[in-house]
Amino acid sequence: MRAAVRTGWRIGAAAAAALRGRAGRPLSQAAGEGGSAEGGGGGGGGSGSREAVERLVREHPVVVFMKGSPAQPLCGFSNAVVQILRLHGVEDYRAHDVLQDPDLRQGIKDYSNWPTIPQVYLNGEFVGGCDILLQMHQNGDLVEELKKLGIRSALLDAEKDQEKK
Amino acid sequence: MRGPLLAAAGGAMGGAGGPLARTIRAKLTAALQPTHLEVRDDSPRHGGPPGAETHFGVLVVSGRFAGLPPLQRHRLVHEALRAELAGPLHALQVIARTPEQWQSDPHLPSAPPCLGGSKREKRREDGGEAPGQQ
């Protein structure tokens, strides 16, 4: 039921935004990917509110806010996150397409005080965007962080195979 | 980050870039006193016309990053560019290293993640700080 309400509200918001000629709520002044320090980007329990975002980041050990979907990323940086997770064998995670929801798009930036998409959350905690995830991938941190979540990176098995050669 | 990067003052590419590039350079210089700074307008690679100045990549080498994990380093960069990020700056790639890290590895990582390829070396022994690969 909540999903139905959210969908309906989202369409309403999008239609209203179209009328205003600009995506997002009036309080979301960002012209592009602007980060706003204003609290409660969604307000009033909307999909971009702190409460709503909090629920999303906690619903799975690995949560990604991106443009497009894992099957079809619509942004190179979002795609990079998907590819990195795939390399580690992480295919089961929650991905939210912010392009579908302007309030979530702003709300997630307010929540993490981070101005850009994609955003990666591990165990409900914001770890960074594409650049940081790439760094974690390259220096071994990501394998360790996944291990803490009880996820065994596929790269560990790949390494084992390499060592055998 | 692929491609040549515009150097700081002097502009190796024969120009200091557009107004936003200059603003970015000036603000990062003021905020972080970098020993090395490169600012690249990636907008053409994201469908924008040359000079669109919407997508940028920055390499910032600064002692201010010492002891800070990558997230905090990036936040410092974002803070310096808060107004731009609230405005025309649509996307920002960040590489943030200390002078020591840059000196020991003055290379940029390749932009796309390797698909099944290179295993990077183990974490370095530089006080527990992860190397500045971003």
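Naming: A, B, ... by sequence-line order, numbering from 1 per chain.
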Task: Enclosure of A:Glu54 CD (heavy-atom neighbours >12, cutoff 6.0 Å) - done: yes

Open item on the list: For residues A:Val53 and A:Leu99: do they belong to one hydrophobic cluster (side chain heavy atoms under 4.5 Å, members Ile, Leu, Val, Met, Phe, Trp, Tyr)?
Closed with: no

TODO: Drop me the distance from B:His74's NE2 to A:Gln135's CD, to the nearest 0.5 angstrom.
DONE: 6.5 Å

Open item on the list: Would you say that more than 12 heavy atoms from the other residues, nucleotides or ligands in this model lie under 6.0 Å from the CD of A:Glu125, or not?
Closed with: no

Open item on the list: side chain to side chain contact (heavy atoms under 4.5 Å, CB included) for B:His78 and A:Asn113? Distances and angles first, verdict last.
Closed with: CA-CA 10 Å; B:His78 292 161; A:Asn113 192 23; over 6 Å; no

Task: CH2 on A:Trp114 to CZ on B:Arg75, rounded to 0.5 Å - done: 6.0 Å

TODO: Decide yes or no for A:Ile132 and B:Leu71: does some side-chain heavy atom of the first lie under 4.5 Å from some side-chain heavy atom of the second?
DONE: yes

- [ ] Measure A:Phe126 against the heavy atoms of chain B and call it side chain, backbone, both or neither at under 4.5 Å.
- [x] both

Open item on the list: Show the nearest heavy-atom pair for residues A:Asp131 and B:Leu92, with the distance to one decimal.
Closed with: OD2-O, 4.1 Å

- [ ] Indicate, with yes or no, if A:Met66 and A:Phe77 share a hydrophobic cluster defined by side-chain heavy-atom contacts under 4.5 Å among Ile, Leu, Val, Met, Phe, Trp and Tyr.
- [x] no

Task: same_hphob_cluster(B:Leu85, B:Leu28) at 4.5 Å side-chain heavy-atom cutoff - done: yes

